[in-house]
Undergrad: 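Here's a structure for you.
This chain uses plain numbering: 1 for the first residue, then up along the sequence. Quick caveat, the model's predicted, so the values are computed rather than measured. These values consider heavy atoms only, across backbone and side chains, with no hydrogens, waters or symmetry-generated copies. As the structure lists them, so they are numbered: ligands from 1, and atoms in each ligand from 1.
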Amino acid sequence: MKSLCILGSTGSIGASTLDVVRRFPGHFRVRSLTAGSNVKKLAEQAREFHPARVAVADQRKVKELRAQLDGWRGEVLAGDEAIRELAAEQESTYVVSAIVGAAGLLPTLSALKAGKLVGIANKEPLVMAGPLMQAAAEAAGATILPIDSEHSAVFQSARAGNRGELRKVILTCSGGPFRKASQAAMAAATKEVALKHPTWNMGAKITIDSATLMNKALEIVEAHFLFGVSYENIHVWVHPQSIVHALVEFTDGAVVAQLGLPDMRLPIQYALTYPERLDGGLPLLPLERMATLVFEEPDRRRFPSLDFAYGAGRAGGTAPAVMNAANEEAVRLFLDDRVRFTRIFDLVGGALGAHAVRPMDDLETVLDADRWAREEVRRLVRA
Ligand code: NAD
Ligand code: MG
């Protein structure tokens with residue numbers, strides 16, 4: 001039986017993971033659950049899934065969590081260090097990495113260093129420190145399994161060929177709420193509009209990233225690190241129906257794709273049951289009732305995000321970490337009503353332009369670049 005540690009259990013991916021667990025009684029044991037600050041939801045999950053240990057990152061919330069869990073028999077922990085400890089403890093065999101943003105880097109690394117099977121939804125750490133995460137996994141014999149739907153689709157499709165036969169990867173994206181918007185409409189977009197995703201229901205940060213296509217930018221770098229494909233062979237197509245999640249092209253020209261409803265439970269389930277496929281009773285794809293599937297080239301002028309990714313990816317070293325951190329900071333400022341929507345592009349582009357790329361020697365270099373980029377974005381906003 002796989003014994004799970006779910007990092008970020010109270011979020012969108014975390015809750016979907018627990019829904020998959022619920023579908024397979026006797027198959028998984030939930031060993032630990034962690035959250036940032038939503039102690040009410042964490043307590044509800046603890047009462048339903050009976051983990052031995054739970055942790056909340058925000059120390060100020062631990063009292064409230066203990067009160068919520070009065071009479072409960074498990075162990076209650078708090079702080080970032082506790083989360084890293086749960087990710088590495090021997091009693092868990094499988095870690096689901098579903099924290100949002102750079103905050104997931106150290107816990108995910110700690111799981112990899114402990115040699116776990118790690119299902120990764122939390123793409124930002126891979127973008128920041130892909131090579132360090134790979135090295136940690138190799139050294140400890142850990143396995144990384146993609147949960148992000150496009151990367152799960154690449155992973156599933158790539159199994160139709162041998163190693164070395166994969167030539168090209170095509171990631172699809174819905175295009176987000178501004179697929180057909182004018183530049184002026186985008187500049188004036190409110191948070192409410194930007195937070196309305198046409199096909200997926202997700203946490204706030206990734207929803208904004210989907211509206212700017214920064215999510216696809218992060219996914220380009222994620223795909224490069226996960227599958228070892230060069231940047232010129234990673235393509236993005238807009239596909240508003242979100243049914244074909246990714247396609248791969250092999251050396252003989254054959255194209256293989258994975259299709260499914262826009263429902264994260266399927267890629268989560270595949271990562272959890274891999275290499276097996278099991279029937280979890282998820283809704284099936286009624287492809288025969290779908291009118292048309294459309295594929296378009298993205299508008300690289302209105303969405304400069306994709307070029308940020310190719311540029312930062314090719315520059316390598318600390319550049320992807322800067323792209324990621326500048327974006328996280330810019331999204332936070334947008335959600336706080338401090339900058340307008342299209343300023344996100346200026347801020348990410350500005351930070352990347354001002355950054356002197358350094359080789360990624362160690363974790364400290366990455367964390368330095370992350371801090372620098374956030375400060376640079378705040379400086380640009382003050383200026
Ligand atoms: P979310 O905001 O719904 O949930 C984030 C989780 O992380 C919550 O449990 C929160 O408590 C926890 N958290 C936040 N800050 C933390 C901190 N500082 N320390 C510890 N825990 C913290 O986000 P989500 O939509 O579930 O996305 C999670 C990750 O998965 C992101 O990296 C996202 O890009 C990726 N992803 C999400 C989807 C999706 O459909 N939601 C799809 C593909 C990939
Ligand atoms: Mg995705």
Undergrad: If you measure from atom 6 (C) of ligand 1 to every heavy atom of Gly203, Gly36, Ala98, Ala121, which option wins on shortest distance?
TA: Ala98
Undergrad: Verify side chain to side chain contact (heavy atoms under 4.5 Å, CB included) between Glu376 and Glu329, making sure each step is shown before the conclusion.
TA: CA-CA 10 Å; Glu376 177 66 8; Glu329 196 60 24; over 6 Å; no
Undergrad: Please determine whether any non-hydrogen atom of Gly14 lies less than 4.0 Å from an atom of ligand 1.
TA: no
Undergrad: Is Phe178 reachable from Leu218 through a run of hydrophobic residues whose side-chain heavy atoms are each under 4.5 Å from the next?
TA: yes
Undergrad: May I have the step-by-step check of side chain to side chain contact (heavy atoms under 4.5 Å, CB included) for Ile99 and Glu124, ending in yes or no?
TA: CA-CA 10 Å; Ile99 292 173; Glu124 293 90 344; over 6 Å; no
Undergrad: Can a non-hydrogen atom of Asn38 be found less than 4.0 Å from any atom of ligand 1?
TA: no
Undergrad: Tell me which one of Ile83, Leu33, Asp263, Asp148 gets a heavy atom nearest to atom 44 (C) of ligand 1.
TA: Asp148
Undergrad: With heavy atoms of Met202 as the reference, note each atom of ligand 1 found under 4.0 Å away.
TA: 39 (C), 40 (O), 41 (N)
Undergrad: Run Arg371 and Arg374 through side chain to side chain contact (heavy atoms under 4.5 Å, CB included) and show every step you take.
TA: CA-CA 5 Å; Arg371 276 190 292 269; Arg374 287 167 202 268; 6.0 Å; no
Undergrad: What residue and heavy atom of the protein are closest to atom 4 (O) of ligand 1, and at what distance?
TA: Gly11 CA, 3.1 Å
Undergrad: Please write down residue, atom name and distance for the protein heavy atom closest to atom 33 (C) of ligand 1.
TA: Ile206 CD1, 3.8 Å
Undergrad: Aromatic contact between Phe28 and Tyr94, with the criterion being ring centroids under 6.0 Å apart: yes or no?
TA: no
Undergrad: How about Asp361: does its CG atom have over 12 heavy atoms from other parts shown lying under 6.0 Å from it?
TA: yes
Undergrad: Would you sort out whether Ser16 and Asp19 count as a side-chain hydrogen bond (donor to acceptor under 3.5 Å, both in side chains), showing the intermediate values?
TA: CA-CA 5 Å; Ser16 294; Asp19 187 62; over 6 Å; no
Undergrad: For ligand 1, which is the ligand I care about here, please tell me if Gly8 has any N or O atom under 3.5 Å from one of the ligand's N or O atoms.
TA: yes
Undergrad: Using 30° and 60° as the class boundaries, would you call the ring planes of Phe345 and Phe303 parallel, tilted or perpendicular?
TA: perpendicular
Undergrad: CD of Glu81: more than 12 outside heavy atoms within 6.0 angstrom?
TA: no
Undergrad: Under 4.0 Å from a heavy atom of Glu124: which atoms of ligand 1 are those, numbered in the order shown and with their elements?
TA: 31 (C), 32 (O), 34 (O)
Undergrad: Anything protein N, O or S sitting under 2.8 Å from the Mg ion (ligand 2): count it and give me the total.
TA: 3
Undergrad: How far is atom 38 (C) of ligand 1 from its nearest protein heavy atom, and which residue and atom is that?
TA: Ile13 CD1, 3.4 Å
Undergrad: Is there a polar contact between ligand 1 and Thr34, counting only N or O atoms under 3.5 Å apart?
TA: no
Undergrad: Run the numbers for me: atoms of ligand 1, each under 4.0 Å from some heavy atom of Ala57, listed by number.
TA: 19 (N), 20 (C)
Undergrad: Count the heavy atoms belonging to other residues, nucleotides or ligands that lie under 6.0 Å from NZ of Lys63, then report whether that count exceeds 12.
TA: no
Undergrad: Examine the proximity of ligand 1 to Met264 and report which part, side chain or backbone, both or neither, has a heavy atom under 4.0 Å away.
TA: side chain
Undergrad: Of all the atoms in ligand 1, which lie at a distance below 4.0 Å from a heavy atom belonging to Thr10?
TA: 8 (C), 9 (O), 10 (C), 11 (O)
Undergrad: Considering only non-hydrogen protein atoms, determine which one is nearest to atom 14 (C) of ligand 1 and report residue, atom name and distance to 0.1 Å.
TA: Val100 CG1, 3.9 Å
Undergrad: Would you call the rings of Tyr274 and Phe155 parallel, tilted or perpendicular if under 30° counts as parallel and over 60° as perpendicular?
TA: tilted
Undergrad: Of the backbone atoms (N, CA, C, O) and the side-chain heavy atoms from C-beta on, which set of Ile99 has a member under 4.0 Å from an atom of ligand 1: side chain, backbone, both, or neither?
TA: both
Undergrad: Counting from 1, what ligand 1 atoms have a heavy atom of Ala103 closer than 4.0 Å?
TA: 17 (C), 18 (N)
Undergrad: Please identify which of these residues, Val76, Leu42, Val39, meets the side chain to side chain contact (heavy atoms under 4.5 Å, CB included) condition with Leu69.
TA: Val76
Undergrad: From the options Ile344, Thr342, Val331, select the one residue that forms a side chain to side chain contact (heavy atoms under 4.5 Å, CB included) with Thr212.
TA: Ile344
Undergrad: What is the nearest protein non-hydrogen atom to atom 34 (O) of ligand 1, stated with its residue, atom name and distance?
TA: Lys123 CE, 3.2 Å
Undergrad: Between the side chains of Asn324 and Lys123, does any donor sit under 3.5 Å from an acceptor?
TA: no
Undergrad: What part of Ser12 sits under 4.0 Å from ligand 1 if we count only heavy atoms: the side chain, the backbone, both or neither?
TA: both
Undergrad: What class does the angle between the rings of His239 and Phe295 fall in, given that below 30° is parallel, 30 to 60° is tilted and above 60° is perpendicular?
TA: parallel
